[in-house]
Amino acid sequence: MPVRVLSEGAGPGAQVPAHLTRIPISLITTSTDFSNITVKGKVVQKCPLVTLASDNVILKTVIQEEDFPPNSSSQNPSINIILFGALAKDFNQTVNQGDVVVASGFTVGKSPTVHKDKLHPCNLLLSGDNACIYVTLLPPPLLHPRSPPTAKRSSALSAEVSRATKAPKYTYVRLGDLKPGTIVNVYGVVVFFKQPFKSRGTDFCSSLKITDQSNQKIGCTIFCQLEDHPKIFQIGDIIRFHRVKTQSFNNSITLVTSFGFSVLVFDGAEGGSMEPRTSSRSFHIDQEDRQTVEELRSWAANQALVPSVPIIPLCAVSPKAYFDLTCQLLAKAPIDTTCTLLRVWDGTRCPHALLNVIVEPNVTEGPTSFSQEKGSLIANILVYDNHTEFARQLKPGDFLRIYNLRAIPGSSKVPGLTSSQSEEVDHLAFHLHGGTAYGRGIRVLPENSPVVKELKRVMKAFPEDDEYELNDDEYELNDEDMLDIWCTPPEFLEISCGHDTQLVTLSEVKRSDPGRVHHVRVQLRTYEPRRLHQALKLYCSKCTSMQDVPDDELVSGLFSEASKDSGPCSPPPWALSGRVDVPGDSPGSPKRTLSVHMSTQLMSEDKSKELIFLMGSTLEETRRIAAGYQNIVPVMSSAGHLALLDLSAPFLFRGRKTYYGCKRCSEAAVREPSCAEGVEMIDEKIIAEALGVQLLQFVLLMKLQLQDTTDTLDVFLWRDAEAFFGVLAEDVAANQEAQNIIHQTMDSLCPAEGSTGEHPWMDLCLTVYRAEDDEGRNQTCYQICHSTVTKPFSTQSNANPA
DNA sequence: GGTTAGGCTTTG
């Protein structure tokens with residue numbers, strides 16, 4: 001008998017053979033002559049029996065010396081003992097934590113876990129016939145069977161009684177030891193998992209695969225209500241099942257939940273939290289459980305159980321890759337029945353341009369605008385099919401992990417994508433494809449989880465969005481350093497320059513007085529804004545105010561707001577009312593019929609298609625209808641009368657062009673154009689005038705940083721921007737070709753590659769003038785004038801005028 | 001008393 005239970009009363013020493021000498025644990029070294037010595041200690045840790053592939057079994061225990069010799073300077077020494085074969089089995093059955101043992105016949109090895117467990121640098125290895133454990137059993141406390149084994153009683157009970165009064169213990173089967181048709185308790189490390197999905201039966205189903213030190217990979221199928229499914233967050237999590245059924249399927253053992261099963265999930269990180277994730281209100285974990293979890297953690301740490309799909313932040317995504325994303329949901333919006341948009345961020349900046357998906361704001365749950373900085377970090381995720389249903393339960397602010405997300409580059413056709421975005425060819429979209437293959441799905445992470453805490457820490461660095469909420473007449477200005485000038489456009493001095501004035505250097509320009517025009521030869525160092533749509537502004541020639549072009553999100557919102565009042569509406573006497581079919585957004589999609597009003601006079605002149613007043617349409621529908629009519633003026637019902645929409649929305653659609661009015665300078669009302677008779681074409685000016693709208697003009701505004709060998713100088717390109725590029729700002733707002741011209745020009749003048757010194761030289765005229773900023777301060781400004789870019793650019797590196 | 005599914009080789 002390798003494990004011997006010592007008789008009561010006499011004390012362990014009495015029956016330990018007399019030729020053996022006990023030595024303190026602290027004196028053990030690998031060079032100890034251990035042939036006739038013993039060590040003694042209390043079992044402070046007993047690990048589960050492990051079956052090795054060779055059919056051998058092994059068990060690890062830790063004993064702590066309590067009484068010999070008293071050591072005042074340090075903790076009582078503890079040492080790892082590894083038991084093999086029959087000794088391990090005996091020990092497993094006979095000895096429990098708290099028992100005092102004497103070990104003999106061991107060999108001494110180096111402890112491989114010394115750095116981790118900080119225990120004795122050696123371990124004791126017990127195998128074969130010479131090895132022996134003598135044990136004094138711990139008597140059970142009579143009233144509190146589960147209390148820690150501290151109250152050692154002098155009147156010791158026998159071993160048998162001791163075992164009988166102990167609380168029932170769960171035994172866990174190694175995954176390599178599973179036999180079919182049994183109910184077992186197991187521990188395992190998750191190597192694959194799938195989010196729960198609705199089964200055809202009464203439950204939700206999820207499947208996962210687990211492994212342990214026996215290296216078996218065991219599939220598990222879980223049927224139960226959604227909330228009872230294991231809360232697995234990532235591969236490597238550790239799972240404890242109680243009462244699961246083993247089944248044979250396809251020649252391998254699988255685990256299936258049986259009636260009354262229960263499950264706990266632990267973080268898989270070494271040293272991680274021991275708090276289990278569970279919906280179960282009554283569960284019990286003891287020291288042995290903690291030990292098992294730690295062992296699985298350290299074993300798994302060396303097993304390369306790396307997830308097939310990595311968890312990566314947005315700043316590290318690569319196009320086409322599948323990955324898991326941990327993020328916060330900011331807003332969501334249904335796109336159609338099979339697709340939902342999730343707008344998320346993780347506080348990092350994706351190096352690739354992100355696709356913007358435009359939806360109507362009234363269907364968006366959560367904010368529709370963000371600070372520019374935060375807004376530029378937002379990723380748009382389209383989740384499809386079964387995931388849209390799950391997305392319905394999500395709330396803005398939730399922290400999510402999205403599994404098997406795909407980053408899709410290029411101009412993928414995205415629902416809700418508008419024509420104005422056609423330039424976004426290389427922008428990344430994120431798709432969560434339908435189905436649950438590859439573990440695809442979404443999980444809400446609890447607020448207290450370590451990853452969420454870390455995300456919150458990163459996100460704290462960004463300002464709150466409140467101050468950026470849009471209101472009716474104020475748009476977010478994107479380039480704060482240009483804001484002053486944008487609000488108060490500079491007065492332009494009409495001084496002509498035939499490029500025949502003498503060349504001067506930038507440092508001379510800086511020293512010159514306002515009111516002059518100079519001819520310079522310079523290179524473009526940099527410019528802003530980099531995004532063309534930010535360079536497009538709306539300018540009122542009457543009040544000289546300048547504003548951003550409202551984005552589609554805002555305009556969509558105004559359209560849907562305008563269509564809310566569907567009460568009776570009496571058209572003006574000059575109008576004929578009718579209905580118009582609005583084509584669906586794709587072939588086969590249902591048509592909508594909307595109210596239109598037309599000028600009786602135009603009808604009589606057979607010009608009915610030249611101008612319609614359209615009611616109740618969305619922005620998208622208005623754009624579609626604009627293809628078939630020359631002029632469309634969106635209108636709404638307001639207190640029973642026809643009215644124009646809020647002037648933040650375009651008051652007129654002409655083909656792909658849209659026209660805006662100045663809120664300050666317009667007295668807008670729905671009126672019949674009075675000049676229709678005899679006029680060849682009804683254009684935006686005629687309509688604006690009839691409606692009392694002060695037409696806003698599209699303009700381009702950029703800030704260029706120029707350099708020559710003497711200095712650098714920030715100059716505006718504004719009044720003569722159209723002449724500079726040879727395009728109309730109005731066209732830039734409406735079509736890709738005009739946008740391309742500007743992109744190509746700027747790319748030639750300021751290539752992404754190469755140093756500034758290699759940029760082409762340009763001959764420009766600059767005006768110098770004084771302008772007031774918002775606070776009434778006078779400042780000197782510079783503006784490019786009378787200069788046109790003509791290609792090819794001269795690269796006269798020898799023409800440097802220094 | 002006991003169904004359901006049994007990863008996967010990736011649409012928009």
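Chain letters run A, B, ... following the sequence lines, proteins first and then strands; every chain starts at 1. Nothing here was measured: the structure is a model prediction, and the numbers come from that model.
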On DNA chain B, check which nucleotide each of A:Gly435 and A:Lys198 is closest to and give me the residue with the more 5' one.
->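 So the residue in question is A:Lys198.
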Tell me which of A:Phe259 and A:Ser207 sits closer to the 5' end of DNA chain B, going by the nucleotide each one is nearest to.
->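 In this pair, the answer is A:Phe259.
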Counting just side-chain N and O atoms, does A:Arg200 come under 4.0 Å of either OP1 or OP2 of B:dA5?
->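 Checking B:dA5 against A:Arg200, a side-chain N or O does come within under 4.0 Å of OP1 or OP2.
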A:Lys194 vs B:dG6: side-chain N/O to OP1/OP2 distance below 4.0 Å |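 Answer yes for this pair, as a side-chain N or O of A:Lys194 is under 4.0 Å from OP1 or OP2.
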Please give, in whole Å, the distance from [N] [atom2] to [X] [atom1]?
{"X": "A:Gln225", "N": "B:dT3", "atom1": "CD", "atom2": "C1'", "answer": "13 Å"}
{"X": "A:His229", "N": "B:dA5", "atom1": "NE2", "atom2": "P", "answer": "12 Å"}
{"X": "A:Phe204", "N": "B:dG7", "atom1": "CZ", "atom2": "P", "answer": "20 Å"}
{"X": "A:Phe430", "N": "B:dT10", "atom1": "CZ", "atom2": "P", "answer": "21 Å"}
{"X": "A:Asp203", "N": "B:dG1", "atom1": "CG", "atom2": "C1'", "answer": "14 Å"}

Any residue meeting ring pair (Phe, Tyr, Trp, His ring centres under 6.0 Å) with A:Phe266, in chain and number order, not counting sequence neighbours | none
Counting heavy atoms from C-beta on, name the nucleotide in [options] closest to the side chain of [X].
{"X": "A:Cys205", "options": "B:dA5, B:dG12, B:dC8", "answer": "B:dA5"}
{"X": "A:Thr338", "options": "B:dG12, B:dG6, B:dC8", "answer": "B:dG12"}
{"X": "A:Tyr384", "options": "B:dT4, B:dG7, B:dG12", "answer": "B:dG12"}
{"X": "A:Thr221", "options": "B:dG6, B:dG12, B:dT4", "answer": "B:dG6"}

With A:Arg401 via salt bridge (charged side-chain N to carboxylate O under 4.0 Å, His left out) - residues at least two apart | none
Polar side chain donor-acceptor pair, A:Thr593 to A:Asp581, under 3.5 angstrom | yes
Please determine which of A:Phe261, A:Phe259, A:Tyr187, A:Tyr170 meets the ring-ring contact (aromatic ring centres under 6.0 Å, His included) test together with A:His242.
->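 Filter result, single survivor: A:Tyr170.
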With a non-hydrogen cut-off below 4.0 angstrom, is A:Lys209 in contact with a base, only sugar-phosphate, or nothing?
-> base
Select base, sugar-phosphate, or nothing to describe what A:Gly434 touches, counting heavy atoms under 4.0 Å on all strands.
->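 Base contact.
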Does A:Asn380 have any side chain to side chain donor-acceptor pair (under 3.5 Å) partners at least two apart in sequence or in another chain, and if so, which?
->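 Here the qualifying residues are A:Arg343.
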Would you please name every residue forming a side chain to side chain donor-acceptor pair (under 3.5 Å) with A:Ser376, sequence neighbours left out?
->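 Testing A:Ser376 for side chain to side chain donor-acceptor pair (under 3.5 Å), a comparison that skips the adjacent residues, returns A:Arg349.
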Within 45° of the axis and under 6.0 Å from the centre of the six-membered ring of A:Phe204, does NZ or CZ of A:Lys198 qualify?
-> yes
By side chain to side chain contact (heavy atoms under 4.5 Å, CB included), which residues pair with A:Ser449, not counting sequence neighbours?
->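 Side chain to side chain contact (heavy atoms under 4.5 Å, CB included) check on A:Ser449 returns A:Leu445, A:Pro446, A:Val451, A:Val452.
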Aromatic-base stack, A:Tyr438 on B:dT10, cutoff 5.5 Å, angle under 30 =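 The ring of A:Tyr438 is stacked on B:dT10.
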A:Phe223-B:dA5 aromatic stacking (under 5.5 Å, under 30°) =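 Ring-base stacking flag not set for A:Phe223 and B:dA5.
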What parts of residues 245-258 of chain A reach DNA chain B, counting only heavy atoms under 4.0 Å away?
-> A:Gln247, A:Phe249, A:Thr254
Would you say the base of B:dT10 and the side-chain of A:Arg406 have a donor-acceptor pair closer than 3.5 Å?
->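 Not at all, since no donor on one side and acceptor on the other fall under 3.5 Å apart.
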